[in-house]
Amino acid sequence: MSMETTAWHALYSTRFAQQDKRPFSRATLVRILRFARGHRRSLLAFLGFSSALALLTVATPLLAGRVVNAITGGAAVRTVVVLSSVIALIAVAEAATGLLTRWLSARIGEGLILDLRTAVYDHVQRLPVAFFTRTRTGALVSRLNNDVIGAQRAFSNTLSQVVSNLVTLLATLVVMLQLSWQITLLTLALLPLFVLPARRMGARFARLERERADHNAAMGNQMTERFSAPGATLVKLFGRPEEESAEFARRAGRVRDIGIRTAMVQHLFISSLTLVSALALALVYGLGGYYALRGTLDPGTVVSLALLLTRLYAPLTSLAGARVEVMSALVSFQRVFEVLDLKPLIDEKPDAVPVPEGPVSVEFDDVRFAYPSAEKVSLASLEDVATLDTRGGEEVLHGVSFRAEPGAMVALVGSSGAGKSTVASLAPRLYDADSGTVRIGGTDVRDVTAESLRRTLGMVTQDGHLFHETIRANLLLPRPEATDDELWDALRRARLDGLIATLPEGLDTVVGERGYRLSGGERQRLTIARLLLAQPRVVILDEATAHLDSTSEAAVQEALAEALAGRTSVVIAHRLSTVRAADLILVLESGRIVERGTHEELLALGGRYEQLYRTQFSERPPLPAEEEAAVPGLR
Ligand SMILES: Nc1ncnc2c1ncn2[C@@H]1O[C@H](COP(=O)(O)OP(=O)(O)OP(=O)(O)O)[C@@H](O)[C@H]1O
Ligand SMILES: [Mg+2]
């Protein structure tokens, strides 16, 4: 690295200077060391080789001085040849050591990235759903990318720079002082000329950099928000495109201005460094030449001093920025540790048991539940706000009890916001109840293994999410080993085989966010096909609220009949046909079960169910297909 770029790098890194002022505890350092421990051998070898490399760089200027003395002193040709051969050998050794240290530092750095990334990914995957409902995906992904990389910089770049710069600096200074302490001290006296203005420029640069980062982030947000299909639609319907464009242009303009200013600050910095070192060099030549003419210094020493000088300024400026660089790396470590420290609220017990074999019941026993408050599950820095909102924690379910017998179907009805989806999310342990018990096959869900719970229980959520992957990959999620025949069988039973067969790429068609757009009903049937493939013993189904056209509705209905046949099921029902087929209907209002019974019983009761029946389920007469599909299939 040339002197200019090293020094520039030092200045550049000051942008982190005021970023974060949290004190670093010993515990953080200990943790970092624990991560580094796996690379201990490489680290030691690396430090040894970088020191050797630094020492080698001092040797060449000294030998060059000897060559000059040999020439001026009229020594034998042999001496010059030997000296220059040694210089050549050192150059080769330098190149080889350089290669080795680079390899070692890359190994350590990339190895550390690997360790941290896998640790964070692993951990984040185990965090509760509540965490993801509060976190901005972008912020989280940036932790995994930027901060992890920032953290490894401490080990590869900073560490190597500090070590090799210190060794270079010390060796160079010692040698220079020995050659001529007067000249050395004088050249060092020039240093403040450069360092003081550089500090001020550094502060200015840091301010500009931060402002630029803010503007870039704001523009990025504006683009991702507005350029998504729903965002773009919203702007077309209600937005003010001219004002949005103007705001965007204002920020982009500011980024341009900052870009120009930064370029100038950068140039000023580098040219002032070049100037100061050129002045110092002139001083060495002038003063050294004067001493040489007076005979107190030989010409070779002047050459050695001049060559050494060029290796003095770079480590000095670089070390000036090292503290800042170390701090920024520590900040990155701390931000990574912050994520690793989030507690997975829902975890498997060490003595967890598998769910009992055979048909199982699902049972809620006086279950109370409040969505966890923000500080329990999240980090303010991962949400969109500066401080965590303190809301939440209000009880949503107030003592819900019911039992779905093995093989029976329980329907959950109630107005929007009553807590139906919440009830559904407790069985697969997306959340845990605050008090009371959720049992599956008679065992508390908190006592069973996560793997057996996943295998026993299948859930279709209200939004029926699909990954942006092929239909095949989406279907294979619960059973990666399923054959194509099994896939087609599931698709057939979900009444989706006809459609998929007509797609040009069949099972390899990409669906999800930006792929082939499936209609609401088709999407639902695909999630049902996934469920059929998984063959769970218990099905939790959150029916989509969106009304489907009559053909899709009938198809979904048939698919559901297939999915629920012979299984214990809890269905959040928005369709009359589903409700009528249920063995037990629960009416949930404001987190409490207010009525329970069969369709006929509840209608006869003339209460909340009858009201719901009239408003929610019977806006239109039931379709014949609905009735047909429901009755034989579901019972
Ligand atoms: N992640 C969450 N964090 C905090 N509160 C939530 C969360 N999800 C839902 N709620 C609240 O819990 C209550 C019950 O919501 P739930 O989604 O269970 O209703 P629902 O009966 O499924 O309604 P719908 O029929 O509209 O789907 C609502 O008041 C809702 O605002
Ligand atoms: Mg819901």
Side-chain angles (χ1 to χ4, degrees), residues 127-137 140 342 344-346 362 364 367-380 382-385 387-402 410-436 438 458-465 520 523-524 527-528 539-548 556 560 569-579 582 585-596 608-609 611-619:
L127 288 175
V129 175
F131 168 78
F132 297 98
T133 60
R134 292 198 165 267
T135 304
R136 274 162 60 228
T137 316
L140 191 62
L342 285 169
L345 293 178
I346 294 169
V362 174
F364 275 56
V367 168
R368 294 174 175 274
F369 175 75
Y371 280 98
S373 58
E375 75 265 19
K376 259 199 203 152
V377 290
S378 185
L379 280 173
L382 290 178
E383 295 196 20
D384 210 358
V385 289
T387 49
L388 291 172
D389 81 287
T390 46
R391 287 179 303 119
E394 271 167 47
E395 208 175 76
V396 177
L397 300 181
H398 318 282
V400 170
S401 302
F402 68 88
V410 169
L412 215 53
V413 299
S415 42
S416 181
K420 304 181 296 292
S421 297
T422 309
V423 167
S425 65
L426 295 181
R429 285 194 86 195
L430 298 181
Y431 296 92
D432 270 345
D434 294 322
S435 80
V438 178
M459 178 160 173
V460 176
T461 54
Q462 213 163 358
D463 62 354
H465 186 74
R523 244 176 129 74
Q524 253 183 311
T527 55
I528 292 170
V539 172
I540 310 281
L541 179 75
D542 204 342
E543 273 188 355
T545 20
H547 282 289
L548 304 167
V556 168
L560 277 182
S569 57
V570 176
V571 179
I572 295 165
H574 296 285
R575 294 186 188 86
L576 180 66
S577 49
T578 320
V579 182
I585 300 167
L586 307 171
V587 184
L588 195 70
E589 282 308 324
S590 315
R592 284 190 181 82
I593 294 178
V594 291
E595 290 172 16
R596 62 180 78 204
R608 183 78 186 107
Y609 180 79
Q611 215 178 343
L612 275 172
Y613 173 72
R614 275 193 282 108
T615 55
Q616 206 173 333
F617 302 126
S618 300
E619 280 165 334

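Order of listing sets the numbers, starting from 1, for every ligand and every atom in it. Quantities reported herein were computed from a predicted structural model and do not represent experimental measurements.
Closest approach of Phe364 and Val423 over heavy atoms only: CZ-O, 3.4 Å. Residue Phe131 comes nearest to Leu342 through the heavy atom pair CE1-CD1, 3.3 Å, listed as atom of the first residue, atom of the second, then distance. Contact detail for Ser415 and Leu612: the closest heavy-atom pair is N-CD2, 4.4 Å. When all heavy atoms of Leu397 and Glu395 are compared, the closest pair comes out as O-CG, 3.3 Å.
Identified under the salt bridge (charged side-chain N to carboxylate O under 4.0 Å, His left out) test for residues 417-431, with sequence neighbours left out: Arg429-Asp432.
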So Glu595 and Arg608, salt bridge (charged side-chain N to carboxylate O under 4.0 Å, His left out) or not? Walk me through it.
CA-CA 7 Å; Glu595 290 172 16; Arg608 183 78 186 107; over 6 Å; no
Show the numbers, then the answer: is there a side-chain hydrogen bond (donor to acceptor under 3.5 Å, both in side chains) between Tyr371 and Thr422?
CA-CA 9 Å; Tyr371 280 98; Thr422 309; 2.9 Å; yes
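If you count the protein N, O or S atoms nearer to the Mg ion (ligand 2) than 2.8 Å, you get 2.
The aromatic rings of Tyr613 and Tyr609 sit parallel, their planes meeting at an angle under 30°, below the 60° perpendicular limit.
Against a heavy-atom cut-off of under 4.0 Å, Gly419 is close to the following atoms of ligand 1: 14 (C), 16 (P), 18 (O), 19 (O), 20 (P), 21 (O). If you number the atoms of ligand 1 from 1 as listed, the ones under 4.0 Å from a heavy atom of Ala418 come out as 19 (O), 21 (O).
Considering Leu412, Thr422, Leu397, Leu588 only, the shortest heavy-atom separation from atom 16 (P) of ligand 1 involves Thr422.
Using a 4.0 Å cutoff on heavy atoms, Gly414 does not count as a contact of ligand 1.
Where the criterion is an N or O separation shorter than 3.5 Å, residue side chain and backbone included, Val396 fails it with respect to ligand 1.
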